[in-house]
Amino acid sequence: MRFSAICEIFEQIASTSSTNQKVAIVTQFLRQTPIDEIPLVIQILTGTLFSQGAPLNIGYIILWKIARQVVGASENQLEQARQAHGDLGGAMAALFSQRKTRQATLFMVDPPSLNDLVNLYQRLTITGSRSTTRKKQWIAAFLDRLTAVEVKYFVRLLLGWLNIGLQTPLVLRAIAELTNVPEESVRRAVLKHPEVGEIARIAMTEGLNGLARIQIRPLIPVLPMLAMQTDTFEEALRDFGGTVAAEYKYDGIRLQLHQDGDRIEVFSRRLTQLTNQFPDLIASWKDITREKRCVVEGEVVGMLGGKITPFQVFMRRIRTYEIEATASDVPVSLFLFDVLFVGDEDVTRLTYRERYAILERMFKPSEHIRLATRIVSNDVKELQNFFEQAITAECEGIMLKDLKADYMPGTRGTRMLKYKKTLETLDLILVGAEYGEGRKSALFSRFFFAAWDETRTKFTTLGKVSTGLTDDDNQVLNDQIRPLIVQEEGRRVTVAPQLVCEVLADEILESPRFEAGYALRFARIVRIREDLSIDDADDIGKVKNLFTTQRSRKNYAQGKHEQE
DNA sequence: GCTGGCTGCCC
DNA sequence: ATTCTGC
DNA sequence: GCAGAATGGGCAGCCAGC
């Protein structure tokens, strides 16, 4: 199949905002796709062709350099095109089609096929000295064979970002429609075996029976169930029927541990195999398990002197070299909270109450692997206390779980909720901005903020914030920024310090990058403070103070922050 | 051989 | 990770 | 309520370039 055939479909999908219509287009296209090409076509439709398997190590910046060279554009020209056309792929396509010489030769070149893409991908996974240089050349050469539309989607595929309003969930819907199988069955199959193309092939050749055959199996990673946020305990109690299980929400990484006899593997939330990183956990599980085959799930954190370490300290454990040395520097504990498979049985359709009862019996807790701290409660006050206890124990907050819920992998559903700590808000000075991507490409959508230094005579930067504003407020802020621009460099502008925004964060981090020496974790803009002048903005003293006391209970606001 | 830029992956 | 928006 | 888009800090590891 020609790449251009898929590009046409991409264009059609991008041109409608109706999800039903997008699904219909995909369904129709899959219907006329030869069965043996289905897995590959699906990988391309979901935009994951280059982002599954070996990493390319080619990102936005390298692609930008290739783009400049291939289309022969200056930094400014390319940035102008990017702002006008949304993204790098769109910009390149636009600049490409302006070049008449190329168009004249187009018909003489053999049109690239899907297999050409696969072959290129294989070559692009090389590593080693001069590899980036060679990859750049191959990409440039391939771009030269493409039409403008193909350029757009090829570049987007390289970046793993199609931006056409279509991702895996809608493709699954299309597979269900095409094969006349309930969407739920397709979805459950994918979660247990996350290769959409393979699932599609099975659905098409074997239908529902084929899909039903796909079960959770130890050593094959499963997409974990995700939680939504809540501001109130009442919501959880109401939604979950008056009683909830509450567990500490540890600040580490989500881990699923698979055991099949002597073989043990662990995987991250996005299914990266992390077995080599945690020899200590593997050894511990061998000692304490009472099962032959199982899949259990929990959160690993760093532990020093009986205390949970900050996330940054723990992250040193995720490495390839010097694992033994780091393992003794930063010991870890795994706090288990769920079980998906045990003995010979997929237990995801059991209730959480039932699964937990199984989990409790599966192993003998050790120092390194034990159950997450947990209560079952029907009382807001009790949950509040439990939350505060969690914060004191260096956790991010608590999880609230429906005891009656089954385990629905991969979905961010209503089966569990998270209730997290946030800090007091900061009033910060806007000192810079950056143009965005996609639908925000012609707008400032990332904002640099600073606080006063201790003397309140200079400001010091604390990082970039981009989320939180509604489109309307974003427009307002853009209008206020324009007349204040003092300098422009590529996509970035420096802004005369005059505007103040209220910014919320979950945590203050010590930062090697920012002038202030601190940065904000999960920062978001709460509102524009038109009522404040920069003299009213906070200083670094407050940030420092929040940093040193952030684990104590005085400095966090609960749920929605209160308006003044 | 070292440093800084870049990527990918955790949150 | 968080947040907003449109279906 | 779901799905999609647009965006954050920081760590390790690798490669380019000096």
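In what follows, chains are A, B, ... by sequence order, proteins preceding strands, each numbered from 1.
A:T467 comes within 4.0 angstrom of a nucleotide base, judged by non-hydrogen atoms across all strands. Looking at heavy-atom distances under 4.0 Å, A:A519 makes contact with sugar-phosphate atoms alone, never a base. At the heavy-atom level, A:R187 lies under 4.0 Å from the strands shown only through sugar-phosphate atoms. Nucleic acid contact for A:L443: none, since no nucleic acid atom lies under 4.0 Å from a heavy atom of the residue. Using a 4.0 Å heavy-atom cutoff across all strands shown, A:I525 reaches no nucleic acid atom at all. Note on A:E510: only backbone sugar-phosphate atoms sit closer than 4.0 angstrom, heavy atoms only; bases stay farther off. As judged by a 4.0 angstrom heavy-atom cut-off over every strand, A:T411 is placed among residues making no nucleic acid contact. Among the atoms of the strands shown, none is found under 4.0 Å from any heavy atom of A:G413. Here A:F314 lies out of heavy-atom contact (under 4.0 Å) with every strand. Looking at heavy-atom distances under 4.0 Å, A:R317 makes no contact with the nucleic acid at all.
Relative to the ring axis of A:F337, A:K401 places its NZ or CZ within 45° and under 6.0 Å from the centre. In this structure, A:R156 fails the cation-pi test against A:F10, since its NZ or CZ atom is not both closer than 6.0 Å to the six-membered ring centre and inside 45 degrees of the ring normal.
Here the side chain of A:K135 pairs a donor or acceptor atom with the backbone of A:L56 at under 3.5 angstrom. Panel note: side chain A:R317, backbone A:Q277; a donor-acceptor pair is recorded below 3.5 Å. Counting only distance, with no hydrogens or angles, the side chain of A:E235 and the backbone of A:T230 share no donor-acceptor pair below 3.5 Å. Proximity of a side-chain donor or acceptor of A:E265 to a complementary backbone N or O of A:T275 within less than 3.5 Å is not detected.
Summarising the geometry, the separation between CD on A:Q312 and C1' on C:dA1 is reported as 14 Å, rounded to the nearest angstrom. One can place CE of A:M228 at 14 Å from C1' of C:dC4, the figure rounded to the nearest angstrom. Rounded to whole Å, the distance from CG on A:L504 to P on C:dC4 is 11 Å.
With the nearest nucleotide of DNA chain D identified for both A:K440 and A:P512, A:K440 has the one nearer the 5' end. Position along DNA chain C of the nearest nucleotide to A:L226 versus A:L469 favours A:L226 as the more 5'-ward residue. Across the interface with DNA chain C, nearest-nucleotide mapping of A:K418 and A:T470 shows A:K418 to be the residue nearer the 5′ end. Of the two residues contacting DNA chain D, namely A:L520 and A:I126, the nearest-nucleotide position lying further toward the 5' end is that of A:L520.
The aromatic ring centroids of A:F142 and A:F154 lie less than 6.0 Å from each other.
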What string of B, S and - do you get for nucleotides 5-11 of chain B, 5' to 3', if B is base contact, S is sugar-phosphate-only contact and - is no contact with any protein heavy atom under 4.0 Å?
-SSS-BB
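Within residues 15-24 of chain A, the residues having any heavy atom closer than 4.0 Å to DNA chain C are, in order of number, A:S17, A:T19.
Taking atom C1' on both B:dG8 and C:dA1, the two are 15 Å apart, rounded to the nearest angstrom.
Salt bridge A:D406/A:R415: present, at least one basic N to carboxylate O contact under 4.0 Å.
Scanning DNA chain D 5' to 3' for nucleotides with an atom closer than 4.0 angstrom to a non-hydrogen atom of chain A gives a first and last hit of D:dA3 to D:dG17.
A:Q475 and A:D471 share no side-chain donor-acceptor pair at under 3.5 Å.
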Between A:K421 and A:D251, is a salt bridge (Lys or Arg N to Asp or Glu O under 4.0 Å) present by the stated rule, with each step listed?
CA-CA 12 Å; A:K421 171 195 67 164; A:D251 191 9; over 6 Å; no
Going through the checks in order, is the salt bridge (Lys or Arg N to Asp or Glu O under 4.0 Å) test met by A:R238 and A:E234?
CA-CA 6 Å; A:R238 173 167 36 79; A:E234 284 85 353; over 6 Å; no
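Here A:F514 contributes atom CZ and A:F449 contributes atom CZ; the two are 12.5 Å apart, rounded to the nearest 0.5 Å.
Using cut-offs of 30° and 60° on the angle between ring planes, the pair A:F335 and A:Y250 is parallel.
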